[in-house]
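Beneath this line is the structure, given in structure tokens, with notes to follow.
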Amino acid sequence: MLDARTRAALRDVRRKAGDAARALLTREIRIEFERIPLPVRNASLRKVRNWLAVEAGIALRRTEPWGLPTHAQIEPSSRCNLRCTYCPVGTETGTTGHMDPALFRDFVDQVQDHALVLALWGWGEPFVCPSVYEMIAYAHAKRIRVLSSTNGHLFVKPEHADGVVRSGLDALIVSLSGTTQEAYERFRAGRLETALDGVREIVAAKRRLGSRTPHVQISFIVTDYSEKELPGLRDLARSLGVDGLSLKRMNTASVKPDPNRVDEALPEDLRLRRFTYRDDGVTRVRVKNNPCKALWHNPTVRWDGTINPCVYDFDGAHVLGDLRREPFGAIWSGARYADMRRRFRTGWEQIDICSRCTYAFAGGNYTDVLADTWFFPENAVGAAAASPQEPSARPDVAGELAR
């Protein structure tokens, strides 16, 4: 008789097998990120097989990976133009810099045959990197989905707004934390109107250039001091011309690893809190089984080329390899990655970055961090713009951006 975990794993494998069968017939792999649709159309047979193998191995809780990564998190820059309250960039010090575009291109060349999605951000503002639009265009030309996240401030400059549209970026998440200056400044330490003007400039650039992409989605992080601003939020988002709006539950666990710290800024509405708490209202409920699968499908590449287990290793304590010294394939199959996967499977609670991660607590699964999402199809550029555009649908983008 199979135990409950094995039965659940087999169900997951069967579901993914069905997804793979559809992908083989249609050559479309359906992917979402924070509910933004990022379908990979006309996927190669190699990508479909690798995706199925990776997901099957994860579902069966194998220690070794059954394929090469389908996703990658890449940090174009570790520098930022803001100092947000809950971000380690505002509290930590250390060496910072921008990614070498040649290093980025080399990594993309190594993963292009199996990677489906690249997420271009880390603990800095990605668009302060001077080469970021060149990097996006390069990955786009390799038929890899690319999305990024921003505080929006730099896009008040038309050249940045034009750059992100011309680059071929599939989706852009703009993080907000208030609709009044008081609430916004308390979280972001910046000017709300600058961020909103940045959004307006991107939307204007899309219309001016006749581009359906990037899909622009506002991610509103709900706190106790911004909760009262929710009633007017949808109207504001719609008026800005964005494609979508999501309410994101704030992560109070990862960036300040103090087990004795009382969670701050929690909204009154329990549905808007990320984690489940014990009766004291302070202690987060821990999970028994951590569902994270980053070690099997999603490496994190820091600005300097070092590889970390995940983005929540924000101080780079766990270095699994260095792209400046060895090829990615050797790192992915190397001893340090193997040891990290083994330690995760046998006792993830003993790994510091895993024990404080959002996945370590009930309610922290990344598939559940959004409380609500709305899409505004009436704001789309062109009647057919129902989802982010297929890579390669605008082959002229990379050439236009070469500057």
Side-chain angles (χ1 to χ4, degrees), residues 32-36 82-91 119 121 123 149 151 173-180 182-189 192 195 217-237 244-294 310-312 314 348-349 352-375:
E32 289 186 357
F33 188 92
E34 294 195 3
R35 300 180 190 165
I36 299 171
L82 296 182
R83 287 294 180 267
C84 302
T85 306
Y86 281 85
C87 178
V89 171
T91 58
W121 71 85
W123 288 110
S149 179
N151 58 46
I173 298 169
V174 183
S175 295
L176 294 179
S177 48
T179 61
T180 63
E182 178 185 8
Y184 185 84
E185 185 175 8
R186 184 170 172 183
F187 195 99
R188 297 279 172 193
L192 170 65
Q217 184 142 319
I218 289 178
S219 178
F220 189 88
I221 301 173
V222 186
T223 63
D224 60 346
Y225 46 86
S226 65
E227 185 177 15
K228 62 180 179 296
E229 299 173 0
L230 295 181
L233 182 60
R234 288 174 67 182
D235 287 341
L236 172 63
L245 164 69
S246 61
L247 297 185
K248 190 169 186 178
R249 300 179 174 102
M250 186 172 66
N251 181 10
T252 57
S254 297
V255 296
K256 293 185 178 180
D258 180 358
N260 300 313
R261 183 178 63 84
V262 176
D263 278 353
E264 302 167 355
L266 293 176
E268 291 186 11
D269 187 344
L270 298 181
R271 197 179 67 87
L272 298 176
R273 298 183 182 185
R274 179 174 295 202
F275 304 112
T276 302
Y277 293 84
R278 299 196 184 280
D279 292 341
D280 60 9
V282 173
T283 307
R284 306 180 201 98
V285 175
R286 284 191 170 271
V287 297
K288 182 178 180 181
N289 299 311
N290 189 319
C292 180
K293 55 185 185 179
C310 78
V311 72
Y312 286 114
F314 50 78
W348 62 267
E349 302 95 332
D352 57 345
I353 59 172
C354 300
S355 66
R356 69 176 185 242
C357 174
T358 179
Y359 285 116
F361 304 98
N365 193 320
Y366 206 73
T367 58
D368 301 322
V369 300
L370 299 186
D372 279 305
T373 303
W374 299 273
F375 295 108

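Each residue takes its place number in the sequence, starting with 1.
Here the CH2-CD1 distance, from Trp121 to Ile173, works out to 4.5 Å after rounding to the nearest 0.5 Å. Taking CD of Glu182 as the reference point, atom CG of Leu192 lies at 12.0 Å (rounded to 0.5 Å). We find the CG-CG distance between Asp269 and Leu247 to be 10.0 Å, quoted to the nearest 0.5 Å.
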Go through Ser149 and Ser175 one step at a time and tell me if the side-chain contact (heavy atoms from CB on, under 4.5 Å) criterion holds.
-> CA-CA 7 Å; Ser149 179; Ser175 295; 3.8 Å; yes

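Aromatic ring pairs are classed by plane angle as parallel below 30°, tilted from 30° to 60° and perpendicular above 60°; the pair Tyr366 and Tyr359 is tilted.
Looking only at side-chain heavy atoms (C-beta outward), Gln217 and Ser246 come within less than 4.5 Å of each other. Asn365 is not listed as a side-chain neighbour of Val287, based on a closest heavy-atom distance of 4.5 Å or more. Considering only heavy atoms from C-beta on, Leu176 comes within 4.5 Å of Tyr184 through its side chain. Using a 4.5 Å heavy-atom cutoff, the side chains of Leu233 and Leu245 are in contact. Side-chain contact between Thr223 and Arg186: absent, with no pair of heavy atoms (C-beta onward) separated by less than 4.5 Å. Considering only heavy atoms from C-beta on, Leu272 comes within 4.5 Å of Glu227 through its side chain. Contact annotation: the side chain of Phe275 never approaches that of Thr283 to less than 4.5 Å [non-hydrogen atoms, C-beta and beyond]. Within the 4.5 Å cutoff, the side chain of Ser226 has no heavy atoms near those of the Ser177 side chain.
Contact between Phe361 and Arg356 at its shortest, heavy atoms only, is CE1-O, 4.0 Å. Across Asn151 and Ala195, no two heavy atoms sit closer than the pair O-CB, 3.6 Å.
Judged as a ring pair (Phe, Tyr, Trp, His ring centres under 6.0 Å), and not counting sequence neighbours, Phe220 has no contacts. Remark: Thr276 pairs with no residue by the side-chain hydrogen bond (donor to acceptor under 3.5 Å, both in side chains) rule, at least two apart or across chains. Not counting sequence neighbours, the partners of Thr179 by the side-chain hydrogen bond (donor to acceptor under 3.5 Å, both in side chains) test are Glu229. Scored by the side-chain hydrogen bond (donor to acceptor under 3.5 Å, both in side chains) test, Arg274 finds Thr358 as partners (sequence neighbours excluded). With sequence neighbours excluded, the residues that form a salt bridge (Lys or Arg N to Asp or Glu O under 4.0 Å) with Asp372 are Arg271. Remark: Glu34 engages Lys248 in a salt bridge (Lys or Arg N to Asp or Glu O under 4.0 Å) (not counting sequence neighbours). Shown here are the salt bridge (Lys or Arg N to Asp or Glu O under 4.0 Å) partners of Asp235, two or more places apart in sequence or in another chain: Arg238. With sequence neighbours excluded, no residue forms a ring pair (Phe, Tyr, Trp, His ring centres under 6.0 Å) with Tyr225. Not counting sequence neighbours, Asn290 has no partner by the side-chain hydrogen bond (donor to acceptor under 3.5 Å, both in side chains) test.
Counting heavy-atom neighbours within 6.0 Å of Glu268 CD, excluding the residue itself, gives a total of 12 or less. More than 12 heavy atoms of other residues, nucleotides or ligands shown are found within 6.0 angstrom of CD on Glu349.
Between the side chain of Arg273 and the backbone N or O of Pro267, at least one donor-acceptor pair lies under 3.5 Å. Side-chain atoms of Arg249 come within 3.5 Å of backbone N or O of Leu370 as a donor-acceptor pair. When atom types are taken as modelled, the side chain of Arg286 and the backbone of Ser355 share a donor-acceptor pair closer than 3.5 angstrom. Remark: side-chain polar atoms of Trp348 are not paired, donor with acceptor, to backbone N or O of Cys292 under 3.5 angstrom.
Listed by first and then second residue, the salt bridge (Lys or Arg N to Asp or Glu O under 4.0 Å) pairs that reach into residues 357-368 come to none, sequence neighbours excluded.
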